[in-house]
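Data first, discussion second: the structure below is written as C-alpha cells.
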Amino acid sequence: FNESGQRSGGLIVFQPPTEQPGIDERLHQREAELAASERRLREMAEAIDQVFWSRNADNQIDFINSAYERVWGRSRASLYEDPGSFLEAIHPEDYERVKETLHAVWSQPGRARTLQYRIIRPDGAVRWIEDRQYALPTQDERKARAVGTALDITEHMETRRGLEEANQAKTEFLNAVNHDLRTPLNAIIGFTELLSKSELDEIQQRYLALCRSGAHRMLELVETLSDLARLNTGGACLRPRPTPLHSFLDEHREHLAVQAAEKGIAFHWQVDETLPERACIDATRFSQVLLNLTQNAIKFTDEGSVQVKLRREGGHQFRLTVVDTGPGIDRADQARIFQPFERGGTPSTRRPGSGLGLSICQRLGRLMGGELTVTSKAGQGSAFHATVELPPASEPSCSCEPTEADDPAETTMAASGLEILIAEDEPVNALLMQTLLERAGARVTVVEDGQWAIATWQHLCPDLMFMDASMPRLDGIQALEAIRRIEQEEGRQRTPIVLVTAHDAETDHPRIQQADADTRVQKPLSERPLMQILQSLASG
Ligand code: ADP
C-alpha cells in the first residue's frame, strides 16, 4: 500500500469504509462509465469508412454502423427489424457463396474468412463488397457473436476490369497487326527468295540481299511482338523435348564468341561439368533467354569482357549468369527495364533495340521456373541471373514430346508430277506458293475460298492440298471438316491436307489444334518448309 492507501504494486487497496460511496452511487457511476465507453466505441465505429457489424448465432444484428446505409443504400432500422434483408441484397450469382460463409464462420471461431461479392442496392446499382468476418471464441453458446467488416471495393474492381479489358484489347491489336504485317512480309520474303535465284548482276544481288535481310529483321520484330502478346495473356507454354544439351550449348558458345570477337571484347564460357548430355528442355525458349541476355551484354560492353556461367543450384536446377564489364544500370533503370518497350540510359547512351527482350526473357524465366534478376551498379558492369530446369532426358518424369526428325530438305523437284490444290484467298500468297510448287515440278490449281475448295477437290482428287485456315464464306477448317466427312461417307482415300495459318495465336487456337489436318505450317511460307512437307509426304 502507498501512503494514501491507493492501489500499489498490483495489489488492491481497501478504502476506509467511511470514504466508500453507497452501493447505488457506485452502480450509477459504473453505468455512467460504461455508457461513456460505449458512446466512444460507437463514435469510432460511426467515423470509419467500412461497414462494421456484430451479430448473434440467430443472425440477429446487435450493431451495425452508419456506413451500412451509405454502402447498402438501406436503413439500419430495416436491417435490425428484418435481418434476412442482408441476404436479400446479395447478387443472385453470389448468394449461395455468401450464405455458406455466414454459416461456416461458426464452425471455427477465431478464423477470419474473407470473401468478395456483389450487392444490389434498392436503386438497382450493383456494388462490390469485400467482407471479412469471424466468430468470437466463447465457451458460452448463448453469448456467441460474429463480427465483421465490409468494404465497398467497386471502384477497385472497375479499375481492375478496365485493366484486364485494356490488356485484352492490346493483345487483340497486336495479333491483328501481327497478321497484317505477316501477309505482305510473306510476299516480300518469298519473292525476293525467288528473285535471288534468277540471273542478276552484282549490284542487283547486293540490293536484293539488303531487301531480304531487312524483311527478315522485320519478321523477327513481328515475332517478338506476337511472343509478347502471347506471354502477356498467359497463352504461352514450354514445349520440352529431349535435346542434346552439350552440342546445343557449343553452338551457342561459338556463335556468341564470334559476336564478342567482332566487338573486340573477351568472352568467357563456364558451364557445369555435371550438365546432362541430353536434357528435356524447350530449346527454342532456352536459346531465346541465353541469346538475349548475352547479346545484350555484348551490345552494351565496349571494353573488357562478357562471361556466361551455368552452375548447378541443386536438383535439376541451374543458374544462368551473364556478367559484363559494360556501363552498368542505375537503380531507377533496373526497376524499369523489365517492362515492355522500356529502355534504360539516355537518348545519347542508348543502343539500337526495341526494349522488348528483357520483358520477354522475364516471362520466359518464370515459365522455366525462376525469376530473372539483375545486379548492377552504374559504371561497374551488370550481371543478369535466371534459373533454368535442365532435367536429363532419361528421367521418367520427363514429359517430353518426341524429337522431330532432323530435317533434310532441298530437293528441287520434290513435287515432281504431283497434283496440288491450294485454297488461299490472298492472291500474292497464292501466287508465291504456286510458283514455289511449280518450280518443284507440281501441277498446281488455286482456289479462293472454302466452298470452291471442296468442289474442286471432289473432281480434281489432288495428291496434296494446302488449305488456308481463314478464308471468306467457308473457312479452311470448315472446308477441311467437310472434306473429311465426304471421304468417310464415300469411302474415298484420305487426301493429305496442310493447314496454313497466319500467325502464332491462330496456330494455338483450339479449332486449329483439333482440326484433322496432316500437318500445319505458318506463314510466311518459304521454300524450305514447303520442300520439307513434300519430302515427308513422299516418304510416308
Ligand atoms: P533492348 O536491348 O532491345 O533495348 P531489352 O529489353 O533487352 O531491350 O533491354 C532493355 C534495356 O535494358 C536496354 O535498353 C538497356 O538500357 C538495359 N540493358 C539490358 N542489358 C544491359 C546490359 N548488359 N548492360 C547495360 N544495360 C542493359
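Just so you know, ligand 1 is whichever comes first in the structure, and atom 1 is the first atom listed for that ligand.
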Which residue supplies the protein heavy atom nearest to atom 7 (O) of ligand 1, what is that atom called, and how far is it?
-> Asn296 ND2, 2.8 Å

When distances are taken from atom 8 (O) of ligand 1, the protein heavy atom at minimum range is Gly355 CA, 3.2 Å

If you measure from each heavy atom of Arg350 to ligand 1, is any distance below 4.0 Å?
-> no

Distance-only N or O hit between ligand 1 and Lys299, under 3.5 Å = yes

Is Arg336 atom CZ crowded by more than 12 heavy atoms from other residues, nucleotides or ligands, each under 6.0 Å away?
-> yes

Side chain, backbone, both or neither: Phe384 near ligand 1, heavy atoms under 4.0 Å | side chain

Using a heavy-atom cut-off of under 4.0 Å, does the side chain or the backbone of Leu356 touch ligand 1, or both, or neither?
-> backbone

Looking only at protein heavy atoms, what sits closest to atom 14 (O) of ligand 1 is Arg343 CB, 3.3 Å

Would Lys263 and Asp302 pass as an ion pair if we require N to O under 4.0 Å?
-> yes

Short N/O distance, under 3.5 Å, between Glu342 and ligand 1?
-> no

Closest protein heavy atom to atom 13 (C) of ligand 1, given as residue, atom name and distance to 0.1 Å | Phe300 CZ, 3.6 Å

Which ligand 1 atoms does Leu358 reach within 4.0 Å, using its non-hydrogen atoms?
-> 5 (P), 6 (O), 7 (O), 9 (O), 10 (C), 12 (O), 19 (C)

Do any nitrogen or oxygen atoms of Pro327 lie less than 3.5 angstrom from nitrogen or oxygen atoms of ligand 1?
-> no

